[in-house]
Participant: 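Before anything else, here's the structure in question.
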2 protein chains.
Amino acid sequence: MKDGEGKNCPIFFSLEIFGDKWSLLILRDILHFDKKHYNEFLESEEAISTNILADRLKKLESEGIISKKRDPDNKKQFIYSPTNKCLDLVPIILEIVVWGAKYDPDTKAPAEEMAKIRENRKEYIQNIRSKFKYVDQ
Amino acid sequence: MKDGEGKNCPIFFSLEIFGDKWSLLILRDILHFDKKHYNEFLESEEAISTNILADRLKKLESEGIISKKRDPDNKKQFIYSPTNKCLDLVPIILEIVVWGAKYDPDTKAPAEEMAKIRENRKEYIQNIRSKFKYVDQ
DNA sequence: TGTTTTGCTTGCATAATGCAAGTAAAAAAA
DNA sequence: TTTTTTTACTTGCATTATGCAAGCAAAACA
């Protein structure tokens with residue numbers, strides 16, 4: 001796509017930043033599975049390659065979606081944590097979960113939890129936000 | 001990724017079906033811009049290639065997200081229209097719009113319309129659904 | 001029975017991804 | 001202080017996906 005084109009649509013703007021499978025799976029790991037460390041992302045069952053992981057973490061950080069700093073509890077590791085810009089992605093991921101749970105015939109997502117999400121949407125989003133109370137930016 | 005892995009997560013299930021930029025832009029064109037015809041998709045400002053468009057339409061049809069039939073008003077053309085499975089994607093696209101409009105510094109999305117979407121979410125979703133009252137499946 | 005329109009397919013160059021192996025910096029251990 | 005280990009990458013290369021231009025075939029129309 002040429003520069004200057006397709007720049008007016010908020011959907012396109014969003015998709016340029018996180019509209020690929022691996023970015024969204026990393027964000028799922030951070031927001032829903034509370035993963036923080038490089039090797040935790042590598043351990044996900046979808047088996048992201050280490051070069052792709054490094055690339056996506058760099059991009060997400062440069063877009064201000066995640067922040068990176070040394071882990072004070074284990075100085076050899078880094079902690080990747082969500083910014084507010086990232087927490088605002090929770091509703092998107094939530095809706096993707098709901099759709100997938102509805103249409104995946106082999107879903108392992110418990111139906112009652114899905115119902116809870118749909119009925120108490122705001123509360124569910126707030127619960128995830130509160131897990132990351134002290135957030136950068 | 002190997003077969004049999006990563007099959008338990010509803011997010012992953014969803015992303016395998018529509019988790020790429022072009023699929024989501026086609027769905028935007030159908031659901032928000034009321035596009036129906038092959039050449040209308042080609043005219044979008046993001047300028048999808050004709051081979052990619054053909055590939056994605058075929059995939060979306062095979063997943064039961066869209067249906068294809070001859071246009072009775074212009075028998076040379078086909079109409080691509082959303083199924084119920086597609087209409088259930090509206091909340092996802094809506095949240096992507098909201099995020100993009102919030103964080104795109106050059107957004108053309110009017111702030112008051114965005115506020116309306118956030119305040120009257122259910123109604124907004126219902127309005128889009130009602131545009132496609134007679135839907136296949 | 002041509003001609004147009006429409007919806008593709010094909011070929012090829014370029015870019016992204018996947019996999020395995022290697023490396024470098026910092027911390028921990030000796 | 002030197003060595004070892006841990007961690008987070010980088011590199012090289014094969015495979016796959018994308019982008020672009022051109023071509024083609026079926027249906028409808030004239």
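So that the names make sense, note that chain A is the first sequence line, chain B the second, and so on, each numbered from 1. Computed from a predicted structure; not experimentally measured.
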Participant: Can you sort out which residues in residues 37-44 of chain A have a heavy atom within less than 4.0 Å of DNA chain C? Ascending by number, please.
Facilitator: none
Participant: Taking only residues two or more places apart in sequence, or in another chain, which ones meet B:Glu40 in a side-chain hydrogen bond (donor to acceptor under 3.5 Å, both in side chains)?
Facilitator: B:His37
Participant: Using whole Å, report how far CD1 of A:Ile48 lies from C1' of D:dA8.
Facilitator: 14 Å
Participant: Tell me: CG of B:Leu25 to P of D:dT18, nearest whole Å?
Facilitator: 13 Å
Participant: With sequence neighbours left out, what residues match B:Asn51 under side-chain contact (heavy atoms from CB on, under 4.5 Å)?
Facilitator: B:Ser49
Participant: Using whole Å, report how far NZ of B:Lys68 lies from C1' of C:dG7.
Facilitator: 7 Å
Participant: How would you list, by chain and number, every residue that makes a side-chain contact (heavy atoms from CB on, under 4.5 Å) with B:Asp20, sequence neighbours excluded?
Facilitator: B:Trp22, B:Ser23, B:Arg56
Participant: In whole angstrom, what separates A:Lys69's NZ from D:dA8's P?
Facilitator: 15 Å
Participant: Please check if B:Phe33 and B:Ile117 belong to a single hydrophobic cluster, counting links between Ile, Leu, Val, Met, Phe, Trp and Tyr side chain heavy atoms closer than 4.5 Å.
Facilitator: no
Participant: Does any pair with a residue in residues 91-127 of chain B pass ring-ring contact (aromatic ring centres under 6.0 Å, His included), and if so which ones, sequence neighbours excluded?
Facilitator: A:Phe18-B:Trp99, B:Trp99-B:Tyr103
Participant: Distance check needed: D:dT7 P versus A:Ile79 CD1, whole Å only.
Facilitator: 13 Å
Participant: Distance check needed: D:dG19 C1' versus B:Lys21 NZ, whole Å only.
Facilitator: 12 Å
Participant: Kindly write out the residues that satisfy salt bridge (Lys or Arg N to Asp or Glu O under 4.0 Å) with A:Lys75, not counting sequence neighbours, or none if the list is empty.
Facilitator: none
Participant: Taking salt bridge (Lys or Arg N to Asp or Glu O under 4.0 Å) as the definition, give me every residue that meets it alongside B:Arg121, ordered by chain and number, with sequence neighbours left out.
Facilitator: A:Glu95, B:Glu95
Participant: Over all heavy atoms of both residues, which pair between B:Gly64 and B:Thr83 is shortest? Give the atoms and the distance, please.
Facilitator: O-OG1, 2.7 Å
Participant: Between A:Arg70 (CZ) and C:dA25 (P), how many Å, whole number?
Facilitator: 12 Å
Participant: Distance check needed: C:dT17 P versus B:Leu15 CG, whole Å only.
Facilitator: 14 Å
Participant: Quick one: side-chain contact (heavy atoms from CB on, under 4.5 Å) partners of A:Phe78, sequence neighbours excluded?
Facilitator: A:Lys68, A:Arg70, A:Tyr80
Participant: So, using side-chain contact (heavy atoms from CB on, under 4.5 Å) as the criterion, who are the partners of B:Asn74 when residues are at least two apart?
Facilitator: B:Asp71, B:Lys76, B:Gln77
Participant: Taking only residues two or more places apart in sequence or in another chain, which ones pass side-chain hydrogen bond (donor to acceptor under 3.5 Å, both in side chains) with B:Asp34?
Facilitator: B:Lys131
Participant: Name every residue in residues 51-61 of chain A that has at least one heavy atom under 4.0 Å from any atom of DNA chain C, in order of residue number, or write none if there are no such residues.
Facilitator: A:Asn51, A:Ile52, A:Arg56
Participant: Does B:Trp22 have a side-chain nitrogen or oxygen under 4.0 Å from the phosphate oxygens OP1 or OP2 of D:dG19?
Facilitator: yes
Participant: Write out a two-atom table: protein N or O, nucleotide N or O from nucleotides 28-30 of chain C, distance below 3.5 Å.
Facilitator:
none

